[in-house]
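Lettering of chains follows the sequences in order, A, B, ..., and the numbering in each one begins at 1. Scope of the values below: all heavy atoms of this structure, side chains included, with no hydrogens, waters or symmetry mates.
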Amino acid sequence: MPELPEVQTIVNDLKKALPGKKIVSFESGFEKAIKGISLSLFKKNVVGKKITGIERTGKNILIYLDDNETILVHLKMTGQLISQDTKPKIQDANKHLHHLCFYDIRKFGTLSLIETSQLKDKFSKLGTDPLSKEFSLEKLKGLLKKAPNKPVKALLMEQGLISGIGNIYASEILFDAKIDPRKKSSSLKNKEVEKLLESIKKILKKAILMRGTSVSDYRDASGKKGSFQDVLKVYKKDGQKCPTCDTIIEKSIIGQRSTFFCPKCQK
DNA sequence: CTCGGAGCCTGTCTGC
DNA sequence: TGCAGACAGGCTCCGA
């Protein structure tokens, strides 16, 4: 899916378009995407409500409503959330309608509704946001100790420890940090942890500036592709030359996920 | 407790 | 060309 930079891009876009708007109708072409509540009840609970704000927590999109309810959206692998203004029809020219469309080719994505006061509880098991101030060197060292035997690449993707990094950025971050993704978390030296922290923040921030990575289905809230795919160094580049040293990039499966790295640069 | 594997879905690409 | 099989950005559940 959309990982942290993609979700953040979508949230930033929606923040400009949605707050203050009232939900006048809700339709669904795939009822199963709605979790924990029936379609009719979901509809009943959101129609007539005003959107007060949009935020990201991990890879979740939170759409706050004005009555202590929040719509939670998770895009999983291929979900899209597209927002667009629609031309007012002549008969109701004074009404300015806006469409927000949730679309997911693989149907893994989910919508749910939660009381805003219960959000904290809902996300209590979610790890630290890697772009937050509290994600410090000491914090990262502590997290590495929590799963000492896990390959560092698998640890980066562990949402209960760090929330927001997925398969693309895990490979890119470790290439930037020159760390072998197969290395056990506990084996990282101080200097490597410092570099890892720097690379995590650097890569994620750069990806947000570039509006995310569109390998295939990802689109921002206006339906456009991101551009970070143009600067990927190793992700899906197996068989090609490393941009730094010309060694052939390798692919290996770590934690059941494809992982790409340069066997020479990454130690 | 941790770990690995299956499952959720559909589209696209690979290799025989 | 055709078709089976692998694989894809995530996460949860289940059993060992």
Starting from [atom2] on [N], measure out to [atom1] on [X] and report it in whole angstrom.
X      : N      : atom1 : atom2 : value
A:K35  : B:dG7  : NZ    : P     : 16 Å
A:Y103 : B:dC9  : OH    : C1'   : 12 Å
A:K107 : C:dT12 : NZ    : P     : 21 Å
A:K122 : C:dC11 : NZ    : C1'   : 12 Å
A:M77  : C:dC7  : CE    : C1'   : 9 Å
A:R56  : C:dG10 : CZ    : P     : 14 Å
A:R106 : B:dT12 : CZ    : C1'   : 11 Å
A:D104 : B:dC9  : CG    : C1'   : 9 Å

The correct set of residues in residues 217-225 of chain A placing a heavy atom under 4.0 Å from DNA chain C is A:D217, A:Y218
Give one of base, sugar-phosphate or nothing for A:Y169, where a contact means two heavy atoms less than 4.0 Å apart.
nothing
Heavy atoms only, 4.0 Å cut-off, all strands: where does A:K251 land among base, sugar-phosphate and nothing?
sugar-phosphate
Dot-bracket summary - DNA chain C, pairs being Watson-Crick or G-U whose distances fall under 3.5 Å, with | when paired to another strand:
.|||||||.|||||||
Compare the aromatic ring of A:F108 with the six-membered base ring of B:dC9 and state whether they stack according to the 5.5 Å and 30° rule.
no
Is there a donor-acceptor pair under 3.5 Å between the side chain of A:D104 and the backbone N or O of A:G109?
yes
Look at the side chain of A:E192 and the backbone N and O of A:K189, then say whether any donor-acceptor pair between them is shorter than 3.5 Å.
yes
Taking only the [atom1] atom of each, what is the distance from [N] to [M] in whole angstrom?
N      : M      : atom1 : value
B:dG11 : C:dC11 : P     : 22 Å
C:dG5  : B:dG7  : P     : 16 Å
B:dG5  : C:dA6  : P     : 15 Å

Hydrophobic clustering (ILVMFWY, side-chain heavy atoms < 4.5 Å, transitive) - are [Y] and [X] grouped together?
X      : Y      : answer
A:L131 : A:L126 : no
A:Y169 : A:V231 : yes
A:L72  : A:I10  : no

Answer yes when A:E158 and A:K150 have at least one side-chain N-carboxylate O distance shorter than 4.0 Å, and no when they do not.
yes
Using a strict cut-off of less than 4.0 Å between a Lys/Arg side-chain nitrogen and an Asp/Glu carboxylate oxygen, indicate whether A:K195 and A:D176 qualify as a salt bridge.
yes
Pairwise side-chain contact, A:I71 with A:F102, heavy-atom cut-off 4.5 Å (strictly under):
no
Let me see the working for A:T259 and A:K153 under side chain to side chain donor-acceptor pair (under 3.5 Å), right down to the final yes or no.
CA-CA 8 Å; A:T259 306; A:K153 192 258 188 173; 3.0 Å; yes
Winner on side-chain proximity to A:K150, out of C:dG10, B:dC3, B:dC9, is B:dC3
Which nucleotide in the set B:dT10, C:dA8, B:dC9 lies at the smallest distance from any side-chain heavy atom of A:S258?
C:dA8
[X] vs [N]: side-chain N/O to OP1/OP2 distance below 4.0 Å:
X      : N      : answer
A:K236 : C:dC7  : no
A:H74  : C:dC11 : yes
A:Q159 : C:dG10 : no
A:K59  : C:dC11 : yes
A:R257 : C:dG10 : yes

Proximity of A:F175 and A:F260 rings by center, below 6.0 Å:
no
Interatomic distance, CG@A:L155 vs NZ@A:K184, rounded to 0.5 Å, equals 13.5 Å
With distance as the sole criterion, do the side chain of A:Q256 and the base of B:dG5 form a donor-acceptor contact below 3.5 Å?
yes
